[in-house]
Structures are given as structure tokens and as C-alpha cells.
Amino acid sequence: MTDVILKVENLVKNFGKFRAVDGISFSVPRGKIVGFLGPNGAGKTTTIHMLLGVTSKTSGSISYFGDNFDTHRETILKRINFASAFNTLQNRITVWENLVVFSLLYEVRNYTKKIEELCNHFEIESLFHKRYNDLSSGQRTRVNLVKSLLNDPELILMDEPTASLDPDITDKTLTLIEKLKKEKNLTLLYTSHNMDEITRICDEVIFLDHGKIVAQDTPLGLTKRVKNAELRLEFDGKEKILKKYLNEKKSVFSFPNPNTVVVKVEEKKIPEIIFGLSQSGVWITDIEVIKPSLEDVFLQIARSKKHDKY
Ligand code: ADP
Ligand code: MG
């Protein structure tokens with residue numbers, strides 16, 4: 001039996017007459033990283049806030065470790081944590097004081113050592129005595145990440161934790177997440193707008209749009225839904241023949257440079273096109289296939305939703 005850490009059923013949130021989250025159901029198994037994606041306003045943050053009990057839900061149910069969140073809130077909150085680029089700790093006290101306060105709340109043993117180790121990893125030891133208010137947004141995020149790891153959580157809900165980080169710190173964050181997943185079976189619900197990050201760390205992706213789940217799959221499964229790849233060919237002369245052939249095939253193509261053509265094509269048709277072009281006498285000097293990425297999936301869902309086609 002899979003060990004389900006978080007189970008959400010028919011979760012709804014209304015703000016007055018506006019329904020921000022519209023009956024979503026999903027579960028997060030232990031040791032998995034689940035990406036939570038969607039355009040701005042899709043309802044991701046509202047969902048995460050309900051999962052933390054910061055925002056009350058309108059209806060539906062949330063359970064962690066098999067226990068109902070409504071009735072076991074205190075014990076559950078000790079076993080999970082939260083990180084975001086947006087939430088703020090106490091502004092008027094120092095980084096160190098903030099982290100000590102949270103360590104005491106979480107009843108962390110040996111917290112001095114733990115805070116030092118985590119701050120060392122995120123390269124913020126030099127900020128211990130700075131007031132939280134005086135930090136840059138990237139520095140704040142890093143303090144938030146340290147806070148989110150203090151209680152050795154079994155699950156962390158992360159709402160765009162890397163939004164304001166430099167690429168090297170983002171990489172360090174992802175590396176630490178990968179390490180914790182491997183060594184401690186850490187489970188994550190992870191929101192980001194960076195598709196490379198999602199592709200790198202997520203086992204599964206949930207796409208939210210207008211408060212509803214519109215797709216749910218592995219990153220690879222999702223990219224396979226986008227059939228069109230891009231075929232980029234360098235060729236010698238014979239542009240006319242090339243155009244004629246591609247028009248006959250009803251292909252969509254463009255010429256970024258005089259001797260380069262980019263063809264949008266179903267992946268499985270690529271060999272046929274290359275073969276057909278050389279048969280017609282076009283001399284191909286270089287071939288590059290650009291496969292669909294999660295970014296393409298995101299765009300496809302966001303666009304087609306507007307036209308109600310997806
Ligand atoms: P996301 O995190 O996916 O960008 P949010 O969950 O922040 O989206 O917002 C979802 C929708 O709910 C948006 O249309 C937003 O304007 C609305 N919303 C969020 N919080 C409130 C609130 N407190 N009152 C009214 N509407 C809200
Ligand atoms: Mg948000």
C-alpha cells in the first residue's frame with residue numbers, strides 16, 4: 001500500500017461569489033515531489049493556504065497521515081512545514097532570533113547546531129544579526145527555507161520558493177531537496193513558474209487553471225501530450241524546392257536565417273520529412289530536433305483553455 005501523506009478531496013474556496021478553488025482532489029504519496037502548476041490566479045496559493053489552515057476552506061476535506069486536518073491540526077502542523085518567497089517572518093527581530101523562535105515552537109533539540117548547519121548550506125551565516133526587515137528578497141527566501149527545514153518535516157509545502165533566488169542558490173536549494181528526498185524520504189508539494197526546475201525535481205505534476213485540475217501526469221507524460229516538436233535544418237541552396245515540398249506536406253515552417261528552416265512537426269514524422277527533402281534534392285547540412293518541454297505544455301494548456309479546447 002502506498003503511504004499517502006496528504007489527501008485532498010473536493011476542496012473548494014469561495015471568496016464571496018468568486019470561486020477561487022473549484023472542487024479539486026489529489027493525493028501526495030510519501031517520498032514524492034508533486035509540482036503544482038498553473039497560470040497566475042489559478043488558485044495555487046489559495047490551495048496551499050487552505051492546506052496550512054491559514055485560509056479556511058469553503059468545503060471539502062483535507063487529511064494528512066490519514067488524520068483529518070480539521071481535528072488533528074496541531075499534531076499535523078508539527079510534522080509539516082511551509083516555505084515561500086512571499087511569506088514574511090518577524091520583521092523587527094534578527095534572523096537568528098526568528099530562527100530561534102521557530103525552533104522553540106517546533107521543539108527542536110540542539111537547535112543552535114541545526115540553525116548553523118542550515119544557514120551554512122544556504123550561505124546566510126553572515127546575516128544572523130541583521131534584522132529580517134533589512135534583508136533582500138532573496139535573503140528572506142533563504143531564511144524561509146531554513147525555517148521550513150528546522151523541524152525535520154515529513155512534508156513541505158513550497159509556494160514559489162525560488163522566485164527571487166539567484167541561479168546558484170536555486171541550484172543549491174534543488175540539490176538539498178534532492179538530497180533530503182533521497183536520504184529522508186522528504187515529500188513536497190512544489191509550486192514554481194520555472195519549468196526546468198519542475199522537470200528536474202518533480203515526480204508528478206498537477207496543472208491547475210481557474211481553480212480546477214486540468215491535467216495530472218509525470219513531467220514526461222505531460223510533454224508527450226504536446227505532439228509537435230521543432231525540426232531545425234541547415235540546408236544548401238534550393239530554397240524553392242524545400243518550400244514546395246513543405247507546402248505539399250502542409251507543414252508550418254519559417255526561415256530564421258537564409259539557410260535555416262524550422263519546421264513544426266509531429267515527432268514521429270521527422271524521419272519522413274528528412275528523407276523526403278533529400279529525395280527532392282535538398283542538401284541538408286545539419287539537423288537539430290527540439291523536443292517539447294514542460295513550458296510548451298504550460299503554454300498549450302493556458303492558451304487552449306481560453307478557447308475551451310483542451
Ligand atoms: P495563484 O497562486 O495560482 O496565482 P491565487 O490562489 O493567489 O492564485 O488566487 C486565485 C484567485 O483567487 C485569484 O483570482 C485571486 O485574485 C483570488 N483571491 C485570492 N485571495 C483572495 C482574497 N483574499 N479575496 C478575494 N479573492 C482572492
Ligand atoms: Mg500564488
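Every number for a ligand or one of its atoms is a count from 1 in the order of the listing. In this text, all values refer to a predicted model and were calculated from it rather than measured experimentally.
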- Does Phe275 sit in a hydrophobic cluster with other residues, and if so which ones, taking ILVMFWY side chains as linked at heavy-atom separations under 4.5 Å, directly or through other members? none

- Query: Do the ring planes of Phe128 and Trp96 sit parallel (below 30°), tilted (30 to 60°) or perpendicular (above 60°)?
  - Reply: perpendicular

- Sorted by chain and residue number, which protein N/O/S atoms are under 2.8 Å from the Mg ion (ligand 2)? Thr45 OG1

- Check ion pair Glu204-Lys32 (N to O, under 4.0 angstrom): no

- Query: Between Phe207 and Phe298, does the ring centroid distance fall short of 6.0 Å?
  - Reply: yes

- Item | ILVMFWY clustering at 4.5 Å (side-chain atoms), partners of Tyr245 | Leu231, Leu233, Phe235, Ile241, Leu242, Leu246, Phe253, Phe255, Val261, Val263, Val265, Ile270, Ile273, Ile274, Leu277, Val282, Ile284, Ile287, Val289

- Can you tell me which residues line ligand 1 if we count any heavy atom under 4.0 angstrom from one of its atoms, in chain and number order? Phe15, Phe18, Ala20, Pro39, Asn40, Gly41, Ala42, Gly43, Lys44, Thr45, Thr46

- Answer yes if the side chains of Tyr106 and Asp152 hold a donor-acceptor pair under 3.5 Å, and no otherwise. no

- Answer yes if the side chains of Thr175 and Arg200 hold a donor-acceptor pair under 3.5 Å, and no otherwise. yes

- Thr173-Thr162 side chain donor-acceptor pair, cut-off 3.5 Å: no

- Message: Tell me whether Lys244 is salt-bridged to Glu248, with the criterion being a basic N under 4.0 Å from an acidic carboxylate O.
- Response: yes

